[in-house]
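As the structure lists them, so they are numbered: ligands from 1, and atoms in each ligand from 1. Counting begins at 1 with the first residue of the sequence.
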Amino acid sequence: MDKSLIRETAEYIYKAQTELFDIPKLTNEKLPNLTFDEAYVIQEEVIKIYEENGHKVLAPKMGLTSKAKWEQMGVDSPCYGYIFESSLEEGDTIKMSDYIHPKVEPEIGIVLKNDIGGSDLTVEDVLANIDYVFSCVEVIDSRYENFNFTLVDVIADNTSAAGAVFSKEKYTDEIDLAAEKVTLKINGEVQEEGDGTAVLGHPAEAIVSLAKLLDEKGQVVKAGQPIMTGGMTGAVLINEGDLVEVTYSNLEAITIKVEA
Ligand code: OOG
Ligand code: MG
């Protein structure tokens, strides 16, 4: 793919992301033969455009790490994207007007105390290097019509990253993340339930997967970044007026009011 096509495609996605309109997935017509490596190159260019516009990368995030998500989205390979400092929603409200067609998904976040990486990293290595964990709700907002995409499309679109709400609590004591249970309620009704084993068997496995993907680019997973490990359940579309309540067995509950 030549440089001008990469830039043009990244600008197309950036415009959809920031001006809030949906677009057909790239593989429909624009780039039917888009490869995995090209998709990450487009994603990198999208991130670059955000940075040119004053946004600061906060952390990488993993996506499509659970069977619940694979079944819901029809894509069964983990992938990564990035969130920005500006992606973090302050307080306990979000606005529909900031999004195209947002969905929420409960996740577990991990912060490392040391940089770790390599293709032979293990869950034990990750566990030995955790600084703290936290609960989080990702607000995903695919730029593609009806959240319809293939793996390469969603990678180019920065894995539908849009917003996130983090718990205030940071847990430095050991918590069995695989056993951690979560319930997602909307307006008092249970929509989704899951646990940490849903995330590749253990949320730390998402960091292993991230390390492998980054290793191919000669990069490591950095200390200090709040990394979301991927939806533990299917994601749920939200609407104006909704009250989203996510409760965990040990981690802090997160409540979000959806405003206009
Ligand atoms: C892709 C984003 C996936 C997750 O946690 O699985 C993701 C999507 O479902 O739109 O962030
Ligand atoms: Mg997610």
Side-chain angles (χ1 to χ4, degrees), residues 13 16-17 20 22-27 36 39-40 42-43 46-47 57-84 87-89 94 99-110 133-167 177 180 182 184 191-192 194-210 213 225-238 244 246 248 251 254 256:
I13 291 171
Q17 288 187 1
L20 305 179
D22 57 9
I23 56 178
K25 63 178 186 283
L26 300 177
T27 54
F36 183 80
Y40 275 112
I42 294 171
Q43 184 197 101
V46 171
I47 304 299
V57 167
L58 180 65
K61 57 156 273 200
M62 284 301 288
L64 303 171
T65 50
S66 68
K67 214 169 164 199
K69 292 283 305 188
W70 296 345
E71 280 166 5
Q72 183 176 43
M73 306 318 296
V75 177
D76 62 2
S77 301
C79 51
Y80 70 88
Y82 290 90
I83 60 164
F84 300 94
S87 318
L88 276 191
E89 294 282 2
I94 65 168
Y99 298 96
I100 306 166
H101 45 200
K103 291 184 184 181
V104 288
E105 52 189 17
E107 307 203 11
I108 288 174
I110 294 179
V133 302
F134 59 101
S135 49
C136 47
V137 174
E138 183 171 22
V139 186
I140 50 170
D141 199 25
S142 176
R143 271 50 67 166
Y144 301 123
E145 294 160 355
N146 303 312
F147 269 83
N148 181 281
F149 49 68
T150 67
L151 178 63
V152 290
D153 291 298
V154 73
I155 290 169
D157 182 32
N158 192 23
T159 64
S160 309
V165 180
F166 289 178
S167 65
L177 296 181
E180 188 66 16
V182 72
L184 166 60
Q191 302 287 327
E192 297 283 338
D195 62 43
T197 62
V199 181
L200 299 173
H202 193 299
E205 196 70 64
I207 305 290
V208 170
S209 177
L210 175 63
L213 289 164
Q225 297 186 319
I227 304 171
M228 293 190 285
T229 57
M232 304 163 76
T233 69
V236 180
L237 271 172
I238 49 173
V244 178
V246 180
Y248 295 80
L251 304 175
I254 294 177
I256 307 169

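Contacts of ligand 1 (protein heavy-atom distance under 4.0 Å) are Lys61, Met62, Gly63, Leu64, Lys69, Met73, Glu105, Glu107, Glu138, Ile140, Phe147, Phe149, Val154, Thr159, Ser160, Gly230, Gly231.
Nearest heavy atoms, Thr229 versus Pro203: CG2-O, 3.6 Å.
Going from atom CZ of Phe166 over to atom CZ of Phe134 covers 4.0 Å, rounded to the nearest 0.5 Å. Residue Glu107 holds its CD atom at 9.0 Å from OG1 of Thr233, rounded to the nearest 0.5 Å. Residue Ser160 holds its OG atom at 4.5 Å from CZ of Phe149, rounded to the nearest 0.5 Å. Here the NZ atom belonging to Lys103 is positioned 11.5 Å from the CD1 atom belonging to Ile238, to the nearest 0.5 angstrom.
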Please set out all donor-acceptor pairs under 3.5 angstrom arising from side-chain atoms of residues 152-159, sequence neighbours excluded.
| residue | atom | partner | partner atom | Å |
| --- | --- | --- | --- | --- |
| Asp153 | OD1 | Leu26 | N | 2.8 |
| Asp153 | OD1 | Thr27 | N | 2.9 |
| Asp153 | OD1 | Thr27 | OG1 | 3.4 |
| Asp153 | OD2 | Thr27 | OG1 | 2.7 |
| Asp153 | OD2 | Thr150 | N | 3.1 |
| Asp153 | OD2 | Thr150 | OG1 | 2.7 |
| Asp157 | OD1 | Gln17 | NE2 | 3.1 |
| Asp157 | OD1 | Arg143 | NE | 2.8 |
| Asp157 | OD1 | Arg143 | NH2 | 3.3 |
| Asp157 | OD2 | Arg143 | N | 3.0 |
| Asp157 | OD2 | Arg143 | NE | 3.4 |
| Asn158 | OD1 | Tyr82 | N | 2.7 |
| Asn158 | ND2 | Tyr82 | O | 2.9 |
| Thr159 | OG1 | Lys61 | NZ | 3.1 |

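Under the side-chain contact (heavy atoms from CB on, under 4.5 Å) test applied with Tyr80, the options Thr65, Leu210, Leu64 reduce to a single match, Leu210. For the pairing with Val244, the side-chain contact (heavy atoms from CB on, under 4.5 Å) check across Val236, Val104, Ile94 returns one residue only, Val104.
Taking a cut-off of 2.8 Å, the protein N, O or S atoms nearer than that to the Mg ion (ligand 2) are Glu105 OE2, Glu107 OE2, Glu138 OE1.
Scanning for salt bridge (charged side-chain N to carboxylate O under 4.0 Å, His left out) contacts around Lys25 gives an empty result, with sequence neighbours left out.
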